[in-house]
Amino acid sequence: MKKTTLPAQITEARKLLEHAPQTLAQLAKAVGWSPAYLQKQFVQAYGLTPAEFISQQKFKSFKAELRKNSDVTRALYEAGFGSPSRVYEQGAAKLGMSPLAYQRGGAGLEIRYTIVASHLGKTLIAVTERGICAIALGDSDSILEKELQEEFPVATLKRVDKGRDEFIAPKVKAVVDFLAGEKSQVSLELIGTAFQQRVWQALMKIPAGQTMSYAQLAEQLKMPKAARAVASACAKNKCAVVVPCHRILRGDGSLGGYRWGLPMKEKILANEMPVK
């Protein structure tokens, strides 16, 4: 496969951002492009806007400082955050856990989960204090639990028998109702990269009963050459059905892949098709 060569202006823009944060206007002036064109080309190349790239760089620096056992307050200022409130607000979204929990390798993060029968069969539902972080479908408790452990290897996992827990019970009911096709508000804790979250948010805007190809979703994200990256993000989805990666098909209309098996994907899509 021929390797795509990025324009010199794009690679230069990335180098400048890696060296120090800049506004879009400053960056555009430095590389000789208009701000709008630079933003479009940068997103096309890296899947992030320059502002999102700066935020990602800050978090990389922040996590590196925490890994050195630095004081959290010192780490956030070293990484370029202006206040503790900002890093804690964004830390929950970007790290998927509090900064202190990340500093301990996630060992302080508690995930409660249960395995219940749903409209789609055996279903594992896992929650953090902020919302549903995983919904998995399968035939075996052991396989479902192994999948959860692989997703969150250093978190504290606590199984709740049949979802009988004041905290988890209403969240489990919401998911089970949703899988049955009923209107239900499911509070999610989406844990992934900025690009993955953009893809997952876009997936949740596809109406039930409709499908889209990887290429079409990439086009919708204004990244027409990123179909493979979009497919990879779909494969990393941890919340079956609620984040509807099953609504993405190959360009020829075939089912493509599905984390929880093609028969399950076919079943979910059939359930969503309008009755004629």
Side-chain angles (χ1 to χ4, degrees), residues 96 111-128 130-153 155 157-165 167-192 196-197 199-214 217 230-250 254-274:
I111 295 176
R112 278 175 270 185
Y113 73 94
T114 191
I115 297 176
V116 297
S118 77
H119 182 71
L120 297 175
K122 199 178 289 289
T123 305
L124 182 146
I125 302 167
V127 306
T128 68
R130 290 176 292 275
I132 306 291
C133 65
I135 302 169
L137 309 171
D139 299 320
S140 162
D141 283 23
S142 61
I143 292 176
L144 287 170
E145 289 183 315
K146 181 181 178 182
E147 181 177 332
L148 183 67
Q149 289 167 352
E150 289 175 348
E151 287 288 356
F152 304 100
L157 303 179
K158 178 182 178 182
R159 181 163 180 169
V160 179
D161 184 41
K162 297 182 180 179
R164 292 171 182 167
D165 177 302
F167 179 76
I168 195 175
K171 294 175 176 59
V172 170
K173 183 179 185 305
V175 172
V176 171
D177 288 347
F178 190 97
L179 298 186
E182 300 177 21
K183 289 186 177 180
S184 177
Q185 186 66 39
V186 179
S187 176
L188 295 175
E189 167 67 16
L190 296 179
I191 300 175
Q196 287 170 346
Q197 294 206 26
V199 173
W200 299 338
Q201 293 291 343
L203 288 172
M204 288 189 284
K205 294 177 182 178
I206 303 174
Q210 295 185 24
T211 59
M212 187 177 289
S213 71
Y214 294 111
L217 185 57
V230 166
S232 178
C234 289
K236 298 290 177 61
N237 171 33
K238 303 175 183 67
C239 295
V241 186
V242 178
V243 177
C245 56
H246 60 275
R247 294 176 189 158
I248 301 297
L249 307 178
R250 286 178 176 162
S254 61
L255 290 180
Y258 191 57
R259 181 171 182 169
W260 295 283
L262 291 184
M264 179 61 73
K265 183 173 185 175
E266 191 171 25
K267 178 179 180 180
I268 296 169
L269 288 171
N271 289 341
E272 292 185 345
M273 293 301 293

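As the structure is a prediction and not an experimental result, all values here were calculated from the model.
- Using a 4.5 Å heavy-atom threshold, the side chains of I248 and V230 count as separate.
- Counting heavy atoms from C-beta outward, C245 and Y258 have side chains that approach closer than 4.5 Å.
- Here salt bridge (charged side-chain N to carboxylate O under 4.0 Å, His left out) pairs that include residues 113-127, with residues two or more places apart or in two chains, are K122-D141.
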Could you give the side-chain donor-acceptor pairs of residues 174-184 under 3.5 Å, partners two or more places apart or in another chain?
{"residue": "D177", "atom": "OD2", "partner": "K173", "partner atom": "NZ", "Å": "2.8"}
{"residue": "S184", "atom": "OG", "partner": "A174", "partner atom": "O", "Å": "2.7"}

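- Between the CG atom in L137 and the NZ atom in K265 there is a gap of 13.5 Å [rounded to 0.5 Å].
- K146 meets the side chain to side chain contact (heavy atoms under 4.5 Å, CB included) test with E150; sequence neighbours excluded.
- Of all non-hydrogen atoms in W260 and N237, the two that sit nearest each other are CH2-O, 3.5 Å.
- In this structure, L157 and E145 have side chains that are not in contact, with every pair of non-hydrogen atoms separated by 4.5 Å or more.
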Self-check item: Residue pair L124, E147: steps toward the side chain to side chain contact (heavy atoms under 4.5 Å, CB included) verdict
Solution: CA-CA 10 Å; L124 182 146; E147 181 177 332; over 6 Å; no
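- L255 places a side-chain heavy atom less than 4.5 Å from the side chain of L249.
- With contacts defined as side-chain heavy-atom distances shorter than 4.5 Å, the pair V172/V160 does not qualify.
- The minimum heavy-atom distance between F167 and V127, with the atom names listed, is CE2-CG2, 3.7 Å.
- Rounding to the nearest 0.5 Å gives a distance of 9.0 Å between CD of E151 and NZ of K236.
- Using a 4.5 Å cut-off on side-chain heavy atoms (C-beta onward), N271 and H119 make contact.
- At least one donor-acceptor pair closer than 3.5 Å links the side chain of T123 to the backbone N or O of G121.
- C239 SG to L203 CG: the interatomic distance, rounded to the nearest 0.5 Å, is 11.5 Å.
- With rounding to the nearest 0.5 Å, the separation of CD in Q196 from NZ in K238 is 6.0 Å.
- Side-chain contact between L217 and R247 is absent, with no heavy-atom pair separated by less than 4.5 Å.
- Rounded to the nearest 0.5 Å, atoms NZ (K171) and CD1 (I125) are 12.0 Å apart.
- Between L262 and G256, the shortest heavy-atom distance links the atoms CD2-O, 2.8 Å.
- Residues F152 and C133 are in side-chain contact: their nearest non-hydrogen atoms beyond the backbone lie under 4.5 Å apart.
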Exercise. Mind running side chain to side chain contact (heavy atoms under 4.5 Å, CB included) on R159 and I115 for me, showing each step along the way?
Key: CA-CA 8 Å; R159 181 163 180 169; I115 297 176; 3.7 Å; yes
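- Put simply, CD on Q210 and CD on E272 are 10.5 Å apart, with the number rounded to the nearest 0.5 Å.
- Nearest heavy-atom pair, M204 versus L188, reported as atom, atom and distance to 0.1 Å: SD-CD1, 3.8 Å.
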